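What follows is a single structure, written as structure tokens, with notes after it.
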Amino acid sequence: MTAQSSVAAMNNTTEFTGLNRVPEVTVDFWLIKLMAVTVGETAADFLALNLGLGLQTTTYLMSAILVGVIAFQFAQKRYVPWAYWSAVVMVSVVGTLLTDNLIDTFGVPLETTTVACTVILAMVFAAWYASEKTLSIHTVVTTRREIFYWLAVLATFALGTAAGDYVSEALGVGYLATGVVFAGVIAAVAFAHYVLKLNAILAFWLAYIFTRPLGASLGDLLSQPTEYGGMGLGTIGTSAMFLTIIAAIVIYMTIKRRPSRSAPVQ
């Protein structure tokens, strides 16, 4: 081995021996993720409609905050519960707003938006795999992988919003029935993984995508007026309730979390 190749090998080793920057997939993970996507739906509506900021102003404001939150998350170089989940909540809000802008501002039909978001997500996954040869969240140990990860998360949230709205509104299924439909899809993915041995990475990302419309349907069901098929709790009450749950789980995660170990290369 030449001196140059030795240095390159040392650089590669250093690059991949960092701490994983995203959490382990546990029951807590899925619970807080569902809460976060629900808040994304209700908080976006609260800011744009109830506070009267308007869709575009809210989008600019939340996007600017997202940039700051994501920059702080990247600076950690490891998984820090409150920093990571703050970023997830903000990505959820912005993902909702991006989809709403396509539909309400630019008049793009829901079915077209759903297809477009699917294509964008597929392109992110393709670029991620071409670059890293894996889509695993267990090896998000470099800045490049983390960039791909957050792009994928943003795309899944935008896709989930569009798909959920398409089923509940365009197809007239309703919020409750839409939630039941996507809960059934997630259950089918879980069955396929645990019983039929579906690939773990594929199962994870499918479940990650479909928890978004499930959470959005739950948020709309709780917050929307009864005349529109909701329970009339309002966006303020619904957002506050789920933010409180998120904060409680994050505190629990912070207290109980053991030091992370270096992630294996895949």
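None of these values were measured; they are calculated from a predicted model.
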Do Arg21 and Tyr149 come within less than 4.5 Å of each other through their side chains, counting heavy atoms only? no
Taking all non-hydrogen atoms of both residues, which atom of Thr59 and which atom of Leu97 are closest, and how far apart? OG1-CB, 3.6 Å
With Leu214, the side-chain contact (heavy atoms from CB on, under 4.5 Å) member among Leu34, Val37, Thr38: Leu34
Heavy atoms of Ala207 and Val189 approach each other most closely as N-CG1, 4.3 Å
If hydrophobic clusters are built by linking Ile, Leu, Val, Met, Phe, Trp and Tyr wherever their side-chain heavy atoms come under 4.5 Å apart, do Val39 and Leu51 end up in the same one? yes
Report the distance from atom CG of Leu135 to atom CD1 of Ile201, rounding to the nearest 0.5 Å. 6.0 Å
Expected list for residues 176-188: side-chain donor-acceptor pairs under 3.5 angstrom, two or more places apart:
| unit_1 | atom_1 | unit_2 | atom_2 | d |
| --- | --- | --- | --- | --- |
| Thr178 | OG1 | Ser168 | N | 3.4 |
| Thr178 | OG1 | Gly174 | O | 2.6 |

Would you kindly confirm whether Leu31 and Leu243 end up in one hydrophobic cluster when ILVMFWY residues are joined by side chain heavy atoms under 4.5 Å apart? yes
Gap between atom OH of Tyr208 and atom CH2 of Trp30 - 0.5 Å precision: 8.0 Å
Considering all heavy atoms, the nearest Phe157-Gly95 contact: CB-CA, 4.4 Å
Any pair with a residue in residues 235-246 that passes side-chain hydrogen bond (donor to acceptor under 3.5 Å, both in side chains), sequence neighbours left out, goes on the list, sorted by first then second residue, please. Thr42-Ser239, Asn50-Thr235
Flag the pair Leu98 / Leu154 as yes when at least one side-chain heavy-atom distance between them is below 4.5 Å, and no otherwise. yes
Any idea which heavy atoms bring Ser136 and Trp128 closest together, and the distance? O-CZ2, 4.1 Å
Classify the ring geometry of Tyr79 against Tyr84: parallel below 30°, tilted from 30° to 60°, perpendicular beyond 60°. perpendicular
Which heavy-atom pair separates Thr99 from Ala158 by the least distance, and what is that distance? OG1-O, 3.0 Å
Which atom pair, heavy atoms only, marks the closest approach of Ser92 to Gly40? OG-CA, 3.2 Å
Ile65: what forms a side-chain contact (heavy atoms from CB on, under 4.5 Å) with it, not counting sequence neighbours? Leu61, Met62, Val69, Met90
Does any donor atom in the side chain of Arg145 or Thr139 lie under 3.5 Å from an acceptor atom in the other side chain? yes
Counting distance only, does the side-chain N/O of Asn101 pair as donor-acceptor with the main-chain N or O of Gln56 below 3.5 Å? no
Nearest 0.5 Å please: distance from the CG atom of Leu221 over to the CE atom of Met231. 6.0 Å
Spacing of Leu121 atom CG and Leu159 atom CG [to the nearest 0.5 Å]: 6.0 Å
Is the closest side-chain heavy-atom distance between Trp150 and Val88 below 4.5 Å? yes
Return the CZ to NZ distance between Arg212 and Lys33, rounded to the nearest 0.5 Å. 8.0 Å
